[in-house]
2 protein chains.
Amino acid sequence: MGRPRAFDENEVVRAAVALFAGRAYDSVSVDDLVHHLGVHRNSLYKVFGSKRGLYLAALRRGFATSDPDLDLLLLAMVERAPVDAEVAALVQNVLHDLDRSLGSPGATSTLLGDRLRARATP
Amino acid sequence: MGRPRAFDENEVVRAAVALFAGRAYDSVSVDDLVHHLGVHRNSLYKVFGSKRGLYLAALRRGFATSDPDLDLLLLAMVERAPVDAEVAALVQNVLHDLDRSLGSPGATSTLLGDRLRARATP
DNA sequence: CGAGTTTAGGAACGGTCAGTCAAGAACGAT
DNA sequence: ATCGTTCTTGACTGACCGTTCCTAAACTCG
């Protein structure tokens with residue numbers, strides 16, 4: 001019952017992944033999310049609780065595939081994991097999965113290092 | 001002539017390196033810099049022009065050694081280089097130097113990937 | 001002792017931040 | 001048709017952002 005939602009929660013999280021993969025957490029404002037996601041501020045808070053809540057949802061989504069979003073992962077590792085234990089835990093999980101699917105931690109480090117260089121090279 | 005400075009510009013840049021190596025650019029506020037560096041707001045702007053000016057000075061300092069500050073470098077690569085061409089150029093320089101001193105781009109990628117993992121692992 | 005110059009200090013600026021509030025609209029159930 | 005519930009909407013809040021202004025202090029030079 002109640003008024004039906006005018007947006008697709010899945011699409012919203014997908015769009016959030018794209019935003020958080022491109023820019024630092026602090027430089028993605030709630031206004032940015034509201035505009036790019038087409039969801040009203042209040043609905044966003046009703047569904048995800050906070051900006052951080054939406055970010056965590058985006059991380060879970062972006063990491064829940066066989067090839068996780070490496071840009072999202074890099075930003076999370078470098079910027080958020082050191083100051084947010086829940087982010088650190090999600091990162092640990094996906095790193096473990098990557099190690100397993102690539103066969104060794106060394107291969108994962110090289111993969112990340114390469115993506116890092118590519119990202120910093122315009 | 002004029003009133004002498006009450007702070008050491010070198011020490012200020014060194015402290016800025018430590019701050020910018022630990023947290024994302026956007027989450028280091030000018031207030032943070034003022035408090036941790038012991039320099040007054042106004043002096044900071046007189047000497048460095050802007051928060052970005054001080055950040056660039058910190059990058060130049062943190063990269064100007066034979067073993068550059070890897071945390072500072074990682075944050076710059078992931079977060080600032082994509083949105084600031086001058087940062088990207090400084091990053092390219094230090095990466096080139098690293099490639100040369102380590103012998104190969106592959107070694108640099110692995111070094112960065114390893115530091116990345118260490119940083120994200122509390 | 002001024003006059004001139006450079007820095008220190010603190011208050012203030014407009015803008016933007018994440019988050020909240022109250023009112024109304026769209027539904028299912030009775 | 002009315003009620004309870006859920007979602008939408010836009011205005012609003014206090015805090016903080018980077019930056020600027022203005023006055024006082026500390027110095028050199030004449």
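Residue numbers begin at 1 in each chain, while the letters A, B, ... track the order of the sequences.
A/R3 pairs by the salt bridge (charged side-chain N to carboxylate O under 4.0 Å, His left out) definition with nothing, not counting sequence neighbours. Not counting sequence neighbours, B/D8 has no partner by the side-chain hydrogen bond (donor to acceptor under 3.5 Å, both in side chains) test. Among residues two or more places apart in sequence or in another chain, the salt bridge (charged side-chain N to carboxylate O under 4.0 Å, His left out) test is passed with B/R100 by none. Applying the side-chain hydrogen bond (donor to acceptor under 3.5 Å, both in side chains) rule to A/E9 yields the partners A/R5; only residues at least two apart in sequence or on another chain are considered. Under the side-chain hydrogen bond (donor to acceptor under 3.5 Å, both in side chains) criterion, B/S104 pairs with no residue, sequence neighbours left out. With sequence neighbours excluded, the residues that form a side chain to side chain contact (heavy atoms under 4.5 Å, CB included) with A/D84 are A/R52, A/E86, A/V87.
The main-chain N or O of B/Y25 is found under 3.5 Å from a side-chain atom of B/K51 such that the two form a donor-acceptor pair.
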- Task: Summarise protein proximity over nucleotides 21-28 of chain D in one line of letters, 5' to 3': B for base, S for sugar-phosphate only, - for none, counting protein heavy atoms closer than 4.0 Å.
- Result: BB--BBBS
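Residues in residues 35-54 of chain A take part in no ring pair (Phe, Tyr, Trp, His ring centres under 6.0 Å) pair, two or more places apart or across chains.
Nearest-nucleotide positions on DNA chain C for B/R5 and B/H40 put B/R5 closer to the 5' end. Heavy-atom distances to DNA chain C give each of A/Y45 and B/S43 a nearest nucleotide, and the one nearer the 5′ end belongs to B/S43.
Taking the charged nitrogens against the carboxylate oxygens, B/R117 and A/D99 do have a contact shorter than 4.0 Å, which makes a salt bridge.
When the C1' atom of D/dT9 is taken as reference, atom CZ of A/F7 falls 13 Å away, rounded to whole Å. When rounded to the nearest whole Å, the span between NE2 of B/H35 and P of C/dA8 equals 16 Å.
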Only distances under 3.5 Å count here; give the side-chain donor-acceptor pairs of residues 88-98 of chain A to other protein atoms, sequence neighbours excluded, each with its distance to 0.1 Å.
{"from": "A/Q92", "atom 1": "NE2", "to": "B/A120", "atom 2": "O", "distance (Å)": "3.2"}
{"from": "A/Q92", "atom 1": "NE2", "to": "B/T121", "atom 2": "OG1", "distance (Å)": "3.2"}

Would you give me the side-chain donor-acceptor pairs under 3.5 Å for residues 14-22 of chain B, sequence neighbours excluded?
none

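Listed by residue number, A/S50, A/K51 are the residues of residues 48-55 of chain A with a heavy-atom contact under 4.0 Å to DNA chain C. Only A/V28, A/S29, A/V30, A/D31, listed by number, bring a heavy atom of residues 21-32 of chain A to less than 4.0 angstrom from any atom of DNA chain C.
Judged by atom type and distance alone, A/R41 reaches the base of C/dG19 through a side-chain donor-acceptor pair under 3.5 Å.
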